[in-house]
2 protein chains.
Amino acid sequence: MSSLVHTLPRMSLRHAVLGLLATEPSTGYDLARKFEASLANAWHAGHSQIYPELAKLEEAGMVEVVGEGARRSRTYGITDAGRGELRRWLLETEPNRSQRNETAVRWFLVALLEPADRRVVLERELEHAEAYEAMLRETAERIDAAGGHAFRPTVDLGLRTTAVMRDWLREQLDA
Amino acid sequence: MSSLVHTLPRMSLRHAVLGLLATEPSTGYDLARKFEASLANAWHAGHSQIYPELAKLEEAGMVEVVGEGARRSRTYGITDAGRGELRRWLLETEPNRSQRNETAVRWFLVALLEPADRRVVLERELEHAEAYEAMLRETAERIDAAGGHAFRPTVDLGLRTTAVMRDWLREQLDA
DNA sequence: TAACGCATGTAATACGTTACATGATTCT
DNA sequence: AGAATCATGTAACGTATTACATGCGTTA
């Protein structure tokens with residue numbers, strides 16, 4: 001296990017995968033959908049990244065096949081070693097603060113456009129923000145109806161930041 | 001110019017570069033620092049990406065050398081074609097909403113930790129959020145003292161979202 | 001039985017990061 | 001003179017996206 005730092009460098013994908021598997025065992029296909037659903041505003045990964053990553057994590061002993069189902073599907077679960085690595089990463093590694101968010105780039109550059117063009121862009125963004133907010137609200141309601149969930153506070157954070165953005169866009173349009 | 005879609009695919013780096021040059025002519029070195037300063041919460045790029053990108057943009061006629069200075073430095077400016085491409089991108093292309101934000105991944109996964117471990121992570125994040133907020137506040141004050149700037153609203157958006165995050169972290173620590 | 005969604009994989013290409021490499025100017 | 005900072009570039013490697021490819025199971 002001394003080669004850990006070498007086999008698992010500084011990628012977040014593997015820790016995102018470990019985290020999702022820590023919540024609940026899943027197939028690669030499930031994970032791909034969860035990246036869209038829960039982690040869409042944090043990280044993105046398609047199945048062509050996920051399957052090889054699961055293979056590497058299995059080889060490193062951090063995940064294991066806990067069940068096989070229809071259509072030759074394999075359900076993976078996290079191992080104790082995987083949980084340990086996840087904890088180590090969260091507690092002991094320096095967070096990489098660099099982001100890539102194309103929407104933020106657009107919101108930044110929109111200041112350079114002429115008023116008419118700016119309106120067009122801001123309106124599209126507002127529409128998207130409102131739709132996203134509605135989706136988050138539904139998620140929150142579903143969780144509350146089900147009696148809560150560990151990730152409920154994270155959904156709330158999303159709702160608050162989205163509200164800030166929605167208001168900002170409206171102000172920019174009014175100005 | 002019909003090969004535009006082919007020579008300039010779907011990368012945001014080039015549009016971020018075009019945007020920064022639309023604000024003000026700069027050297028590659030300047031651009032690298034501006035990515036840290038103004039675009040840190042949106043996109044990241046080191047000089048080893050920027051210099052080749054400037055060369056490609058120059059070849060495509062979207063930027064041009066507008067001055068040469070000491071230490072064989074070249075200052076680039078945006079051309080009309082570059083401005084056109086920037087406008088086209090902002091108005092006519094579908095935004096790529098996928099993000100990669102390691103901090104967001106960590107904030108999501110922190111829910112899986114035991115309370116003591118969670119505290120450690122949240123405290124570190126709060127410290128960072130407060131420092132970042134202070135930095136943004138200084139930026140805002142500098143802009144206001146200088147009589148305003150097109151990007152002032154963007155700084156304000158950053159301040160508001162950071163405030164939301166700071167409050168959320170405090171709540172999580174109090175809970 | 002055809003269409004659709006579940007499920008998994010690889011190959012080619014594009015993009016991004018780190019390390020390597022060099023040289024000019026300014027400041028102490 | 002030496003250190004720090006400005007300034008530019010390339011090479012090697014790692015990561016991510018897109019396209020290609022296949023097959024199972026369910027539903028209409």
Side-chain angles (χ1 to χ4, degrees), chain A residues 5-17 25-37 39-40 42-59 63 65-76 93-102 105, chain B residues 5-17 25-37 39-40 42-59 63 65-76 93-102 105:
Chain A
V5 179
H6 208 247
T7 47
L8 297 182
R10 70 200 103 278
M11 200 177 34
S12 305
L13 170 63
R14 25 187 69 128
H15 299 101
V17 167
S26 316
T27 66
Y29 191 84
D30 290 338
L31 290 173
R33 279 179 311 164
K34 285 175 189 177
F35 266 96
E36 292 307 305
L39 283 174
W43 207 266
H44 175 265
H47 73 275
S48 64
Q49 252 186 300
I50 290 168
Y51 290 117
E53 194 54 45
L54 282 171
K56 277 181 230 160
L57 284 168
E58 187 180 20
E59 199 190 3
V63 305
V65 176
V66 296
E68 313 207 355
R71 288 168 252 203
R72 77 213 144 111
S73 76
R74 269 153 299 145
T75 301
Y76 288 88
T93 64
E94 192 58 30
N96 177 358
R97 306 285 177 184
S98 77
Q99 304 185 19
R100 41 195 68 252
N101 178 345
E102 190 187 294
V105 173
Chain B
V5 179
H6 207 249
T7 48
L8 299 182
R10 71 199 103 279
M11 202 179 30
S12 305
L13 170 63
R14 22 188 71 128
H15 299 101
V17 167
S26 316
T27 66
Y29 191 85
D30 292 336
L31 290 174
R33 280 180 310 164
K34 285 176 190 178
F35 267 97
E36 292 308 305
L39 284 174
W43 208 265
H44 174 266
H47 73 274
S48 65
Q49 251 185 301
I50 290 168
Y51 290 117
E53 193 56 43
L54 282 171
K56 275 181 232 159
L57 284 168
E58 188 180 20
E59 200 189 2
V63 305
V65 176
V66 296
E68 313 207 353
R71 288 169 251 204
R72 77 215 143 108
S73 75
R74 269 154 299 145
T75 301
Y76 288 89
T93 64
E94 193 57 29
N96 176 359
R97 306 284 177 185
S98 77
Q99 302 185 21
R100 39 196 70 250
N101 178 347
E102 190 188 293
V105 173

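The basis for the numbers below is simple: all heavy atoms, side chains too, and nothing from hydrogens, waters or symmetry mates. Protein chains get the first letters and strands the later ones, always in sequence-line order, with residue 1 at the start of each.
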[options]: which one has an atom nearest the side-chain heavy atoms of [X]?
| X | options | answer |
| --- | --- | --- |
| A:Gln49 | D:dG9, C:dT8, D:dA16 | D:dA16 |
| A:Ser48 | C:dG16, C:dA11, D:dA16 | C:dA11 |
| B:Pro52 | C:dG9, D:dG9, D:dT10 | D:dT10 |
| A:Tyr51 | C:dT8, C:dC15, D:dA16 | C:dT8 |
| A:Arg72 | D:dT10, D:dT22, D:dA16 | D:dT22 |
| A:Ala70 | D:dG25, D:dT8, C:dT8 | D:dG25 |
| B:Ser73 | C:dG9, D:dA16, D:dT8 | D:dT8 |

Problem set entry | Under 3.5 Å: donor-acceptor pair, side chain of B:His44, backbone of B:Ala40 |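 No, the answer is negative, given that no donor and acceptor are paired below the 3.5 Å cut-off.
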Going from [atom1] on [X] to [atom2] on [Y], what distance comes out if it is rounded to the nearest 0.5 angstrom?
| X | Y | atom1 | atom2 | result |
| --- | --- | --- | --- | --- |
| B:Glu102 | A:Glu94 | CD | CD | 9.5 Å |
| B:Asp30 | B:Ser73 | CG | OG | 8.0 Å |
| B:Phe35 | B:Ile50 | CZ | CD1 | 5.0 Å |
| B:Tyr51 | B:Lys56 | OH | NZ | 15.5 Å |

Distance in angstrom units between [X] [atom1] and [N] [atom2], rounded:
| X | N | atom1 | atom2 | value |
| --- | --- | --- | --- | --- |
| A:Arg14 | D:dT15 | CZ | C1' | 10 Å |
| A:Lys34 | C:dA7 | NZ | P | 12 Å |
| A:Lys56 | D:dA16 | NZ | C1' | 11 Å |
| B:Phe35 | C:dG16 | CZ | P | 10 Å |
| B:Leu31 | D:dC6 | CG | P | 15 Å |
| B:Glu68 | D:dA7 | CD | C1' | 13 Å |
| B:Leu54 | D:dT8 | CG | P | 9 Å |
| A:Gln99 | C:dT17 | CD | P | 13 Å |

Exercise. Between B:Arg100 and B:Thr75, who's closer to the 5' end of DNA chain D by nearest nucleotide?
Worked result: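 Its nucleotide being nearer the 5' end, the pick is B:Thr75.
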Exercise. With nearest nucleotides of DNA chain D determined for A:Gly69 and A:Leu13 from heavy-atom distances, which residue corresponds to the more 5′ nucleotide?
Worked result: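 Per heavy-atom nearest nucleotide, the more 5' residue is A:Leu13.
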Exercise. Are OP1 or OP2 of D:dT8 and a side-chain N or O of B:Tyr29 less than 4.0 angstrom apart?
Worked result: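 No, because none of the side-chain N or O atoms of B:Tyr29 sits under 4.0 Å from OP1 or OP2 of D:dT8.
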Exercise. Taking only side-chain nitrogens and oxygens of B:Arg74, does any of them come within less than 4.0 Å of OP1 or OP2 of D:dG9?
Worked result: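 B:Arg74 to D:dG9 OP1/OP2: side-chain N or O found under 4.0 Å.
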Exercise. Which part of the nucleic acid, if any, lies within reach of A:Gly28 when heavy atoms closer than 4.0 Å are counted: base, sugar-phosphate only, or nothing?
Worked result: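 Sugar-phosphate: the residue A:Gly28, judged by heavy atoms under 4.0 Å, touches backbone atoms but no base.
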For this session: Name the residue closer to the 5' end of DNA chain C, choosing between A:His47 and A:Arg71 according to the nucleotide with the nearest heavy atom.
Result: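 The residue closer to the strand's 5' end, by nearest nucleotide, is A:Arg71.
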For this session: Would you mind checking if A:Arg14 and A:Glu53 are paired as a salt bridge, meaning a charged N to carboxylate O distance below 4.0 Å?
Result: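 Salt bridge present between A:Glu53 and A:Arg14.
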